[in-house]
2 protein chains.
Amino acid sequence: MSVEAKSKSHSIRAVDALRALIFAGELPPGSDHLESELAEKLGMSRTPVREATLVLESQGLLEVRPRKGVRISALSADDMREIYEVLTELESLAASLAADAHYSEQELSRLKSATLEMEASVAANDREGWARADAAFHDELVRLGGNKRIQTIVSNFNDQVRRARALTLHMRPMPKKSNEDHRALYEAIAKGDSTAARKIHWRHRTEAKDMLINLLNQHGLRRV
Amino acid sequence: MSVEAKSKSHSIRAVDALRALIFAGELPPGSDHLESELAEKLGMSRTPVREATLVLESQGLLEVRPRKGVRISALSADDMREIYEVLTELESLAASLAADAHYSEQELSRLKSATLEMEASVAANDREGWARADAAFHDELVRLGGNKRIQTIVSNFNDQVRRARALTLHMRPMPKKSNEDHRALYEAIAKGDSTAARKIHWRHRTEAKDMLINLLNQHGLRRV
DNA sequence: CAATTATTTAACGTATACATTAAAAAATTC
DNA sequence: GAATTTTTTAATGTATACGTTAAATAATTG
């Protein structure tokens with residue numbers, strides 16, 4: 001028998017369900033939804049839905065606007081810049097911390113395998129596969145940094161820009177340069193060169209930010 | 001007639017009241033409190049208290065532990081290090097952004113006046129006054145950085161280390177070196193030298209972190 | 001008596017009724 | 001008829017009752 005989904009509270013299921021609906025675009029950015037509508041849609045009373053909206057508001061995925069319903073967050077290019085500034089800075093710090101930790105090759109194996117997967121995906125022209133491996137690489141990088149606060153913040157902000165990344169995945173050129181960056185970053189961390197690790201990742205993220213914002217602007221996506 | 005406190009929802013007043021109780025040490029770090037106790041203490045039902053605890057949990061001030069009550073966060077030296085790593089990084093970014101913004105002297109007047117206040121407080125041996133001015137300086141620095149996300153995160157983390165700062169305020173030497181740093185940072189921002197601004201602030205915060213952690217360790221404060 | 005099982009308890013999680021209040025609609029006034 | 005006031009509406013905010021369940025206690029069994 002497979003592992004069963006363990007029964008969670010309605011409140012937690014509401015958080016999960018609303019997140020899924022937001023990511024799937026069923027609750028589109030900028031749209032408004034009454035508590036009672038959401039409660040009905042999720043098959044529960046308003047109480048757990050209200051609690052879920054408070055949690056999601058703190059994560060920046062929506063905004064509670066009394067008497068106007070909750071509004072699903074829609075990010076402008078400027079919001080995107082702000083978020084990427086923070087992501088860039090904190091991930092770069094994580095890269096630096098990871099290098100300072102002097103991990104063994106064994107401990108860096110996931111990071112390594114993610115780079116290999118990205119390279120294979122690029123070779124196979126598989127953008128979704130590349131995106132998955134890229135996400136795995138960044139997650140693992142932040143995990144190796146060892147700072148729980150950074151992990152939480154980065155995870156939240158990644159959620160917030162998830163739609164924008166999905167939207168632009170097929171607009172951008174195949175990420176070849178990106179793979180070189182990841183390989184170089186891996187080497188810097190393996191060598192324990194924290195200054196290089198920080199710089200490489202900083203430039204990598206800054207370029208990713210510029211590309212994303214340009215793509216959104218070029219395609220007239222004012223708010224996503 | 002003076003400005004009246006406008007009537008807010010119980011839920012919002014619960015957030016404010018619990019924050020105040022935590023900062024005042026009436027709900028000490030590590031202590032547990034049932035929803036029903038807090039509700040009674042605040043003179044309202046459990047509903048708005050529950051909502052408040054969710055908000056405060058997302059801000060890291062407490063942890064909701066079903067059936068064990070909410071536990072007021074207690075930070076270890078390691079937690080403190082994590083938080084200061086993030087504060088250092090994001091405030092340094094804010095300093096760099098502030099320098100790049102090329103503000104006029106007029107626009108930097110609050111930053112200037114905060115430095116003057118700190119110097120006056122040190123001269124007068126007034127630690128509380130110095131702490132207030134220092135907080136004002138850092139707040140204004142982050143505001144000048146112009147990134148709302150940084151402001152939010154820094155504000156949360158400052159709240160989390162508030163008690164630790166208060167505890168160590170009278171253990172530390174009078175902050176003379178600190179004043180020089182602030183003056184140098186002001187100059188770098190006024191000149192628009194973002195690299196210098198970043199470096200100066202980074203070192204400043206790193207030193208503050210080391211001092212704080214040393215003080216907590218020396219005084220046997222394992223968790224605050 | 002130790003370990004296990006059954007029972008009780010108490011705190012939380014949820015639904016629901018109702019109070020409150022901002023916004024919308026209708027009525028009134030000039 | 002426009003502007004103001006009053007009324008109505010509807011959505012949220014809150015209290016409360018009750019169901020659910022984890023933890024504590026008591027009972028049982030070997």
Side-chain angles (χ1 to χ4, degrees), chain A residues 1 3-22 26-74, chain B residues 1 3-22 26-74:
Chain A
M1 179 168 47
V3 176
E4 294 293 333
K6 77 173 164 190
S7 108
K8 293 185 280 194
S9 73
H10 285 187
S11 186
I12 290 174
R13 290 197 301 112
V15 171
D16 294 346
L18 291 177
R19 282 169 56 90
L21 288 170
I22 292 171
E26 291 191 50
L27 301 177
S31 63
D32 294 321
H33 308 273
L34 298 179
E35 287 178 1
S36 46
E37 289 173 19
L38 295 175
E40 190 175 14
K41 195 192 290 260
L42 302 184
M44 56 183 72
S45 78
R46 280 173 49 220
T47 306
V49 170
R50 267 178 76 85
E51 296 186 349
T53 60
L54 286 174
V55 170
L56 294 171
E57 182 172 46
S58 80
Q59 296 175 1
L61 288 177
L62 53 79
E63 194 186 345
V64 176
R65 306 166 70 233
R67 279 154 220 290
K68 298 182 178 171
V70 301
R71 171 161 296 178
I72 310 305
S73 297
Chain B
M1 179 168 44
V3 177
E4 294 293 332
K6 77 173 163 191
S7 108
K8 294 185 279 193
S9 73
H10 285 187
S11 186
I12 289 174
R13 288 198 300 113
V15 171
D16 294 345
L18 291 177
R19 282 170 56 90
L21 288 170
I22 292 170
E26 290 191 50
L27 301 177
S31 63
D32 294 321
H33 308 273
L34 299 178
E35 288 177 1
S36 46
E37 290 173 18
L38 295 175
E40 191 176 14
K41 195 191 289 262
L42 302 185
M44 57 183 74
S45 78
R46 280 173 50 220
T47 307
V49 171
R50 268 179 75 83
E51 295 186 349
T53 60
L54 286 174
V55 170
L56 294 171
E57 182 173 45
S58 79
Q59 296 175 1
L61 288 177
L62 53 80
E63 193 185 346
V64 175
R65 306 166 72 233
R67 279 156 219 290
K68 298 182 178 171
V70 300
R71 171 161 296 178
I72 310 304
S73 298

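The sequence lines fix the lettering, A, B, ..., with proteins before strands; numbering per chain opens at 1.
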I want to check something: taking the side chain as every heavy atom from C-beta on, are [X] and [Y] in contact at a cut-off of under 4.5 Å?
X	Y	answer
B:L42	B:H10	no
B:T53	B:E57	no
A:H33	A:K41	no

Separation of [N] [atom2] from [X] [atom1] (nearest whole Å):
X	N	atom1	atom2	answer
B:R71	C:dA11	CZ	C1'	16 Å
B:L54	C:dT14	CG	P	11 Å
B:D32	D:dA23	CG	C1'	14 Å
A:L38	C:dT14	CG	C1'	17 Å

Heavy-atom count around B:E37 CD within 6.0 Å, excluding the residue itself: above 12?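 Above 12, so yes.
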Using residues 43-50 of chain A as the side-chain source, report each donor-acceptor pair under 3.5 Å to any protein atom, sequence neighbours left out, with the distance given to one decimal.
{"residue": "A:S45", "atom": "OG", "partner": "A:T47", "partner atom": "N", "Å": "3.4"}
{"residue": "A:R46", "atom": "NE", "partner": "A:E35", "partner atom": "OE1", "Å": "3.1"}
{"residue": "A:R46", "atom": "NH2", "partner": "A:E35", "partner atom": "OE1", "Å": "3.2"}
{"residue": "A:R50", "atom": "NE", "partner": "B:E51", "partner atom": "OE2", "Å": "2.8"}
{"residue": "A:R50", "atom": "NH1", "partner": "A:E35", "partner atom": "OE2", "Å": "3.0"}
{"residue": "A:R50", "atom": "NH2", "partner": "B:E51", "partner atom": "OE1", "Å": "3.1"}
{"residue": "A:R50", "atom": "NH2", "partner": "B:E51", "partner atom": "OE2", "Å": "3.1"}

In a table with atom names and distances, give each donor-acceptor pair under 3.5 Å that connects a side chain of residues 61-70 of chain A to protein atoms at least two apart or in another chain.
none

Per-nucleotide protein contact string for nucleotides 8-19 of chain D, where B marks a base within reach and S marks sugar-phosphate only (heavy atoms under 4.0 Å, - for neither): ---BBBBBB---
